[in-house]
There are 2 protein chains.
Amino acid sequence: MTYNHEKIWLSIDCLVFGYDVKDENLKLLLFERKVNPFAGSWSLIGGFVNVNEDICHSAERVLKTFTGLEDVFLEQLHTFGKTERDPGGRVVSILYWSLIKLDDIKKDIVNSHGARWFELDKLPNLILDHERMVNLGVSQLKKNAISSPIGFELLPEKFTIPQLLRLYEAIYNRSIDDRNFRKKILSTDILIRLNEKDKTNSKKGAYLYKFNEENYQRLKSEGYHLDIAIG
Amino acid sequence: MTYNHEKIWLSIDCLVFGYDVKDENLKLLLFERKVNPFAGSWSLIGGFVNVNEDICHSAERVLKTFTGLEDVFLEQLHTFGKTERDPGGRVVSILYWSLIKLDDIKKDIVNSHGARWFELDKLPNLILDHERMVNLGVSQLKKNAISSPIGFELLPEKFTIPQLLRLYEAIYNRSIDDRNFRKKILSTDILIRLNEKDKTNSKKGAYLYKFNEENYQRLKSEGYHLDIAIG
DNA sequence: GCAAAAGTGTTCTTAGTACACCCATGA
DNA sequence: TCATGGGTGTACTAAGAACACTTTTGC
């Protein structure tokens, strides 16, 4: 014991946003809390930080434990530390968020761990300050979708432009002009068109694209600002 | 004791940026560390979070203790939690930043508390991961100066447009066209021109302005993006 | 041949950029 | 009267916004 000071419980909470190209809906993963206080209520997934564990690893562990998922986008957002935030004791909580490309396999994995997906406008009441956390996450989603390619984290590796457009419409909750959207996103050169079409949504079929990480990094280092929020 | 889990030391580190309209230089406040490990080395100001204290109050306390300053801009940036970040023990640290309008009075207050201002390009070596923290702060400064009026936090209540321009040049470390800067910043309506001139820098004198908080809030809620980085 | 989604181009308007001169004043 | 910093305007260019029709194909 090298420092002489009182210690504090430190926890992780994790916002897990998921998007399914099929039903075109943004979803949030919630869990029915098993421990008191508030056993039986809905909450974000979370857990305590261990002494011998980097906080980013705690976040990965929490995500893995509750969803079975790993190697997905996971980033720190903010730390919540009001003394009265948890009536069960003084717990400071570090909020992370994860963005998931939903498919049936991942839905099954998550379901088998007991968590449940909720549509963003149909959330139940949440415990503690978790509602504030959700609000922060939603506003970050809107803010970041403009300037960084978090959108691609929510889509499968191969996706069509209409799917990407539909995702942005879901994030911003309004309709976007498809001609301008297309022009803008293609002019940035961060998409690679494949010689494949996806025909699940139309008879004509839509070209599949991949995200071009390299070009995106170049653009970003040049200080480019995507600004995809097109009326 | 309601939760059964190990606790952790939680600390605050605080980046304090200061700007003095007279010498037109961005400065960072550092402190010579008094406690081991690393006694005698330079570090950010910081301290432990108490169990009965909101983390934002911890940050205010740390700032007050080391600088005598209160009621200034103070915001959370990021939490650092690698297990090996402090060889003195497992300490997770929440980084805050504060932006200070420097004048002689504030410089005296700070000096009398034993901290010292360093120009950004003349920083000494820093302990632990404090260099990473500084880098994060500097990049946040550049990022936020574009889209939010943090610049005004660094200027006195009344300031001239050349002073504001000089500050942005200091933040972005390059020269900015004064005609375009003026046009842009005035077109946003977030400045109020006063019927006073500041003649410290010229015989003609430059009009003093105040920041218009109300108009800024309106602009922000309309989703406006300032984009002051003018070539 | 028709329904349904994918894909394409043009005009207009707005905002950014580059650039040079006059103004007010104290010394 | 002149040196110094403060203030203004215009022409050009690039990007955003609004908007309608053709293409492909399975049924």
Side-chain angles (χ1 to χ4, degrees), chain A residues 21-24 145-147 155 158-170 172 174-210 219 222-231, chain B residues 21-24 145-147 155 158-170 172 174-210 219 222-231:
Chain A
V21 290
K22 275 191 233 126
D23 67 12
E24 302 179 354
I146 294 178
S147 57
L155 289 175
K158 299 175 182 182
F159 53 87
T160 68
I161 292 192
Q163 284 170 346
L164 183 61
L165 173 68
R166 236 52 60 69
L167 168 60
Y168 274 90
E169 289 183 326
Y172 291 105
R174 65 189 180 83
S175 69
I176 296 173
D177 183 281
D178 64 332
R179 291 158 290 188
N180 292 337
F181 181 80
R182 212 174 261 275
K183 202 189 307 172
K184 178 112 193 193
I185 196 79
L186 289 176
S187 74
T188 59
D189 256 335
I190 57 173
L191 296 186
I192 301 167
R193 191 168 94 174
L194 305 173
N195 277 325
E196 288 175 75
K197 283 193 164 192
D198 173 84
K199 294 202 171 185
T200 51
N201 284 303
S202 74
K203 291 146 193 167
K204 185 181 179 184
Y207 280 107
L208 285 163
Y209 289 80
K210 275 197 324 188
L219 268 179
E222 290 164 6
Y224 191 76
H225 183 256
L226 286 178
D227 219 343
I228 289 174
I230 300 169
Chain B
V21 289
K22 275 191 233 127
D23 66 11
E24 301 177 354
I146 295 177
S147 57
L155 290 175
K158 299 175 182 179
F159 53 87
T160 68
I161 291 191
Q163 284 170 345
L164 183 62
L165 172 68
R166 236 50 63 66
L167 168 60
Y168 274 90
E169 289 184 328
Y172 290 105
R174 65 190 182 83
S175 69
I176 296 173
D177 184 280
D178 64 332
R179 290 158 292 188
N180 293 337
F181 181 79
R182 213 173 258 276
K183 202 191 308 175
K184 178 109 194 195
I185 195 79
L186 288 176
S187 74
T188 59
D189 256 336
I190 57 173
L191 296 187
I192 302 168
R193 190 167 95 174
L194 306 173
N195 277 325
E196 289 176 75
K197 283 194 163 189
D198 173 83
K199 294 202 171 184
T200 51
N201 283 303
S202 74
K203 292 147 192 167
K204 184 181 179 181
Y207 279 106
L208 285 163
Y209 288 80
K210 274 198 323 189
L219 267 179
E222 289 165 7
Y224 191 76
H225 182 255
L226 286 177
D227 217 345
I228 288 173
I230 299 169

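Heavy atoms only: backbone and side chains are in, while hydrogens, waters and symmetry mates are out. So that the names make sense, note that chain A is the first sequence line, chain B the second, and so on, each numbered from 1.
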Check the interface with nucleotides 23-27 of chain D: list each N/O to N/O pair with the protein under 3.5 Å, or write none.
residue, atom, partner, partner atom, Å
dT23(D), O2, Lys204(A), NZ, 3.1

[X]: salt bridge (charged side-chain N to carboxylate O under 4.0 Å, His left out) partners, not counting sequence neighbours:
{"X": "Lys199(B)", "result": "none"}
{"X": "Arg193(B)", "result": "none"}
{"X": "Lys158(B)", "result": "Glu196(B)"}

Using the test side chain to side chain donor-acceptor pair (under 3.5 Å), find all partners of [X] that sit at least two apart in sequence or belong to another chain.
{"X": "Asn201(A)", "answer": "none"}
{"X": "Glu169(B)", "answer": "none"}
{"X": "Asp23(A)", "answer": "Lys27(A)"}

Could you work out, with ring pair (Phe, Tyr, Trp, His ring centres under 6.0 Å) as the rule, every residue matching Tyr209(A), not counting sequence neighbours?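 Applying ring pair (Phe, Tyr, Trp, His ring centres under 6.0 Å) to Tyr209(A) gives none.
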Atom pair distance, as rounded to whole Å: [atom1] in [X] and [atom2] in [N]:
{"X": "Glu169(A)", "N": "dA5(C)", "atom1": "CD", "atom2": "P", "answer": "14 Å"}
{"X": "Asn201(A)", "N": "dA6(C)", "atom1": "CG", "atom2": "C1'", "answer": "11 Å"}
{"X": "Ile185(A)", "N": "dT8(C)", "atom1": "CD1", "atom2": "C1'", "answer": "17 Å"}
{"X": "Arg174(A)", "N": "dA17(D)", "atom1": "CZ", "atom2": "P", "answer": "9 Å"}
{"X": "Leu208(A)", "N": "dA6(C)", "atom1": "CG", "atom2": "C1'", "answer": "13 Å"}
{"X": "Leu164(B)", "N": "dG7(D)", "atom1": "CG", "atom2": "P", "answer": "12 Å"}

How long is the straight-line distance from CG of Leu155(A) back to CG of Leu167(A), given to the nearest 0.5 Å?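 Between Leu167(A) CG and Leu155(A) CG, I get 5.0 Å after rounding to 0.5 Å.
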Would you tabulate the pairs of protein nitrogen or oxygen atoms and nucleotide nitrogen or oxygen atoms of nucleotides 8-10 of chain D closer than 3.5 angstrom?
residue, atom, partner, partner atom, Å
dT10(D), O4, Lys183(B), NZ, 3.0

For Lys184(B) and dG16(C), is the shortest distance between a side-chain N/O and OP1 or OP2 below 4.0 Å?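 Answer yes for this pair, as a side-chain N or O of Lys184(B) is under 4.0 Å from OP1 or OP2.
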